Structures are given as C-alpha cells and as structure tokens.
Engineer: 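I am attaching a structure below and will ask some questions about it afterwards.
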Amino acid sequence: MGYSMFSMVCILHSTIAILCGASIMFYHYEISVLGHGLETAQKLIGSTPNDQLLIQISASFSGLLLFVIGFLVLMVAFVRNGKFQSFFAKGCVVLHFVMAIWRFSFERRVEDLAWHWPKQVIGDLMLALSWVFFLVYSWREKYD
C-alpha cells in the first residue's frame with residue numbers, strides 16, 4: 001500500500017515539474033506575466049537585446065532542467081524499495097524547505113519580486129507537506 005502512495009506522490013510531483021518545465025522552456029514570457037503580472041514580467045525580460053537573449057536562454061535551460069527532473073521523479077515512482085522511498089521522501093522534504101528558505105532570504109530582497117515570494121514559499125511548503133504526509137502514512141503502516 002505504501003508503494004502506491006509513493007507512486008501517486010511521485011507522479012503528482014513529476015507532472016507538475018514536467019508541465020512547468022515545458023511551459024518555462026516555450027512560454028517563458030507568458031508564464032512570467034501569469035505569475036508576476038505584466039509590469040514585472042516586462043522588467044524581468046531585460047532591457048537590451050543581448051540581455052533578453054541571455055535571459056531567454058537561461059530560462060530555457062532552467063525549464064529543461066525542471067523537465068528532466070520531472071522525468072527522473074517519474075522513473076523513481078516505480079521503485080519498490082521501502083528504505084529508498086523513505087530516503088527519497090526525506091530528501092524531497094529537505095529540498096522543498098531549503099527552497100522556501102532561499103525564497104524568504106533572497107527573493108524578497110529583489111524589489112520586482114517582493115510581492116510574489118509569499119505565494120511561492122507557500123507552494124514550496126505545500127509540496128514538502130505532500131512528502132511529509134507520505135512519510136507519516138508509511139510510518140503508520142510500518143508500526144501498526
């Protein structure tokens with residue numbers, strides 16, 4: 001039963017990562033407008049053609065990385081080793097918490113992003129919480 005719960009959480013996270021990565025790769029400006037608003041998105045694309053190209057390439061690579069991570073998490077969804085599942089889930093919790101701390105510590109200092117970091121921190125904490133629920137569920141199953 002723990003295996004199917006682990007698979008569901010992994011598939012959820014991989015779907016989010018794949019869709020977000022593909023969207024960032026191909027629709028960076030539109031995603032920026034959706035996430036930050038038109039005015040902030042226009043500031044984030046750069047002021048010179050060279051800056052715009054550099055930012056676009058950087059966003060494409062970031063999207064590609066997220067896309068690949070999504071496929072790796074999808075592959076991990078089919079691992080049946082309980083110890084590995086627990087280790088992986090704990091690592092994901094730590095990763096999401098570190099990301100939330102990074103957003104709190106650094107992104108809030110960027111003037112153009114200052115109003116957007118709280119919802120991103122909440123998103124990071126919600127993703128971490130899904131792994132915590134899996135860990136609690138697997139511990140409950142293990143000790144019952």
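None of the values given here were measured: they were computed from a predicted structure.
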Engineer: Hey, are the side chains of Tyr29 and Gln42 touching, using non-hydrogen atoms and a 4.5 Å cut-off?
Structural biologist: yes
Engineer: To the closest 0.5 Å, what do you measure between CG (Asn81) and CZ (Phe87)?
Structural biologist: 11.5 Å
Engineer: To which residues is Val98 joined in a hydrophobic cluster, defined by side-chain heavy-atom contacts under 4.5 Å among Ile, Leu, Val, Met, Phe, Trp and Tyr, whether direct or through other members?
Structural biologist: Val94
Engineer: Could you work out, with ring pair (Phe, Tyr, Trp, His ring centres under 6.0 Å) as the rule, every residue matching Phe71, not counting sequence neighbours?
Structural biologist: Phe67
Engineer: Please report the shortest heavy-atom distance between Cys10 and Val73, naming the atom on each side.
Structural biologist: O-CG1, 3.4 Å
Engineer: Assigning hydrophobic clusters by single linkage (Ile, Leu, Val, Met, Phe, Trp, Tyr; side-chain heavy-atom cutoff under 4.5 Å), is Phe26 placed with Ile18?
Structural biologist: yes
Engineer: Does the side chain to side chain contact (heavy atoms under 4.5 Å, CB included) test come out yes or no for Ile55 and Leu44, once each step is laid out?
Structural biologist: CA-CA 8 Å; Ile55 291 168; Leu44 293 175; over 6 Å; no
Engineer: For residues His96 and Leu125, determine if any side-chain heavy atom of one lies less than 4.5 Å from a side-chain heavy atom of the other.
Structural biologist: no
Engineer: Among all residues two or more places apart in sequence or in another chain, which pass the ring pair (Phe, Tyr, Trp, His ring centres under 6.0 Å) test with Phe84?
Structural biologist: Phe88
Engineer: Does the side chain of Phe134 reach to within under 4.5 Å of the side chain of Gln85, using non-hydrogen atoms?
Structural biologist: yes
Engineer: For His28, enumerate each residue passing the ring pair (Phe, Tyr, Trp, His ring centres under 6.0 Å) test, keeping only those at least two apart in sequence or located in another chain.
Structural biologist: none
Engineer: Could you give all pairs that pass the salt bridge (Lys or Arg N to Asp or Glu O under 4.0 Å) test and reach residues 93-106, with sequence neighbours left out?
Structural biologist: Arg103-Glu107, Arg103-Asp124
Engineer: How many angstroms lie between CG in Leu53 and CG in Asn50, if you round to the nearest 0.5 Å?
Structural biologist: 6.5 Å
Engineer: Is it the case that over 12 heavy atoms from other parts of the model lie below 6.0 angstrom from the CD atom of Gln52?
Structural biologist: yes
Engineer: Is it the case that the side chain of Ser14 and the backbone of Ile11 share a donor-acceptor pair, with hydrogens and angles ignored and the cut-off at 3.5 Å?
Structural biologist: yes
Engineer: Are Val93 and Leu127 connected in the hydrophobic side-chain network, where two residues link if heavy atoms are under 4.5 Å apart?
Structural biologist: no
Engineer: Does one hydrophobic cluster hold both Met25 and Leu72, with members joined at side-chain heavy-atom distances below 4.5 Å?
Structural biologist: yes
Engineer: State, yes or no, whether a side-chain contact exists between Phe6 and Val76 at a heavy-atom distance under 4.5 Å.
Structural biologist: yes
Engineer: Treating Ile, Leu, Val, Met, Phe, Trp and Tyr as nodes and any side-chain heavy-atom pair under 4.5 angstrom as an edge, say whether Val9 and Ile16 lie in one connected cluster.
Structural biologist: no
Engineer: Which heavy atom of Leu66 sits nearest to which heavy atom of Cys20, and what is that distance?
Structural biologist: CD2-CB, 3.7 Å
Engineer: Find the distance between CG (Asp51) and CD (Gln56) and round it off to the nearest 0.5 Å.
Structural biologist: 12.5 Å
Engineer: Using side-chain heavy atoms (C-beta onward) and a distance below 4.5 Å, is Leu135 in contact with Ser86?
Structural biologist: yes
Engineer: Do His13 and Met8 come close enough that some side-chain heavy atom pair is under 4.5 Å?
Structural biologist: no
Engineer: Distance from Leu95 atom CG to Ile69 atom CD1, nearest 0.5 Å?
Structural biologist: 8.0 Å
Engineer: Looking at Ser7 and Ala77, would you say the former's side chain and the latter's main chain have a donor-acceptor pair under 3.5 Å?
Structural biologist: yes
Engineer: Any side-chain to backbone donor/acceptor pair from Lys119 onto Gly35? Under 3.5 Å, distance only.
Structural biologist: yes
Engineer: In the hydrophobic clustering that connects Ile, Leu, Val, Met, Phe, Trp and Tyr at side-chain heavy-atom distances below 4.5 Å, which members other than Met99 occupy its cluster, ordered by chain and number?
Structural biologist: Trp102, Phe106
Engineer: Establish whether Leu54 and Ile24 are linked, either directly or via other cluster members, by ILVMFWY side-chain heavy-atom contacts under 4.5 Å.
Structural biologist: no
